[in-house]
Number of protein chains: 2
Amino acid sequence: MSEAAREQAIGSTRDRILAAALHAFADRGVEATSLDSVAAEVGVRKQTLLYWFPSKEQLLFGVVDHAVADLGGRLLEAVAGTGPALADRMVAVVDATFRLGTTHPELLAVVREISRLGPPASTRLATAAEPLVDVAVAALAREGIAATDADRARLRNVLLAAGATVVGIATEAEFRADLGLAPDLAWLRSRRRALLDSLTRSLGG
Amino acid sequence: MSEAAREQAIGSTRDRILAAALHAFADRGVEATSLDSVAAEVGVRKQTLLYWFPSKEQLLFGVVDHAVADLGGRLLEAVAGTGPALADRMVAVVDATFRLGTTHPELLAVVREISRLGPPASTRLATAAEPLVDVAVAALAREGIAATDADRARLRNVLLAAGATVVGIATEAEFRADLGLAPDLAWLRSRRRALLDSLTRSLGG
DNA sequence: ACGGCTCTCTACCAAGTGGTAGACACTCTA
DNA sequence: TAGAGTGTCTACCACTTGGTAGAGAGCCGT
């Protein structure tokens, strides 16, 4: 198999590094993850990794950007596949998020990990995520939800709080699994209901 | 000031090591925390630390045991200071937990961190926490809540799930702060209410 | 005064860390 | 076919890590 064909099949080296680093950072922690271990998982030498990302910090930034872009893409896609009514869109985004939490828990875990690390990683995360929040605020503002700047600021906080809730729920789910509790659909549904109710209340929808 | 007097004033070396390690493990992560950094915070050499805890793993175990004992003590104390009615006790424990989350967030953070580490730390945590759960189950069983072994097993799961919820809420709170959201009493109250409702429902109280 | 005990220290060590320097192979273009 | 990239490699380096060996200071009962 040629190099080009293999890359087509399993992704470019850079992407594979990002994927491996995402998983490692999410479940072992950034500082506890060595470049060697990430490289080994990719099947490459550490120096190859340092060719693509000149330092561990740059790799972390790459992971942050990639994760945020991935997350944003999935949510936008979810919104695109639904009607124009606010309530429908809200449900679509929340459901997409919950689905994400079960299929790609590392995406939420890495967000938590990075926020714990503090600057500069958390700053990078904030910067990368800002456009997403802006898009959401703008979309809601267009619906007539927010008119003044103060409204928009409040809206922004509502969205951030919802994000925090999702991270909290993801952590709870992880911890439940660690405790040996079986996956519980009723529990998930109640969390989803509560989040939707809270959003509806906050957005006056 | 004599050695003995200083120890009386600021705690024994061992206790100070445990406290410093608890904080460091909770907010930087275990693998990302070096023995040197813990020792430096205590104001002592690493080798002194290794005198008290012969390895990093033993130190971690010490922190786990200490944290669980502390947590258990606080909860028992909360229960002791209330009437015999089940509902009152439940409220007392939940409120004590929430108070703990604001005054000593590191206690909950370290639990999350340790569960993420997996064995052997998580095993140690489970072992250390088991008596607490048993005591709670026994107390509830005495109230006539649980009669059969299956009842007791279900009860155990309810308590574990409540613990997971608390850890999730603590994470949510931490993340809210990281996002720059102001502390929000209404939010906290709603989480408390939801937890109490869920417990009441599960315990048929 | 003394030997034992408790506690902290200095001095190391092997292994692993993030990162640098530079050689080697491959492909694509002139 | 020569040369410039591009991507991966081997070989190092300085530093930090968890851990060991053992000396020495203060205390205590004899």
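Protein chains get the first letters and strands the later ones, always in sequence-line order, with residue 1 at the start of each.
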Integer-rounded Å distance: C:dT8 P and B:F53 CZ
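Distance check: B:F53 CZ to C:dT8 P gives 12 Å.
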Length of the line joining A:I17:CD1 and D:dT8:C1', which is rounded to integer Å
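That distance rounds to 11 Å.
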Does anything in residues 39-59 of chain B form a side chain to side chain donor-acceptor pair (under 3.5 Å)? List the pairs, not counting sequence neighbours.
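The answer is none; no pair qualifies.
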Tell me which pairs pass side chain to side chain donor-acceptor pair (under 3.5 Å) where either residue lies in residues 160-174 of chain A, with sequence neighbours left out.
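Those involving residues 160-174 of chain A are A:R112-A:T171, A:R112-A:E174, A:T165-B:E172, A:T165-B:R191, A:E172-A:W187, A:E172-A:R191, A:E172-B:T165.
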side-chain N/O [X] vs [N] OP1/OP2, d < 4.0 Å:
X: B:Y51; N: C:dC7; result: yes
X: A:T13; N: D:dT8; result: yes
X: A:W52; N: D:dT8; result: yes

For DNA chain D, find the residues of residues 22-50 of chain B with a heavy-atom distance under 4.0 Å and give them by number; none if there aren't any.
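Contacts with DNA chain D under 4.0 Å: B:T33, B:S34, B:L35, B:D36, B:K46, B:Q47, B:L50.
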Provide the full list of salt bridge (charged side-chain N to carboxylate O under 4.0 Å, His left out) pairs with a residue in residues 117-135 of chain B, sequence neighbours left out, each pair given once.
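Listed by first then second residue: B:D65-B:R124.
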Sequence neighbours excluded - salt bridge (charged side-chain N to carboxylate O under 4.0 Å, His left out) pairs with any residue from residues 150-160 of chain A
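For residues 150-160 of chain A: A:D149-A:R152.
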Pair B:T82, B:V91 - check side-chain contact (heavy atoms from CB on, under 4.5 Å), show working.
CA-CA 10 Å; B:T82 186; B:V91 170; over 6 Å; no
Could you pull out all residues at least two apart from B:R14 that satisfy side-chain hydrogen bond (donor to acceptor under 3.5 Å, both in side chains)?
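With sequence neighbours excluded, B:R14 shows a side-chain hydrogen bond (donor to acceptor under 3.5 Å, both in side chains) to no residue whatsoever.
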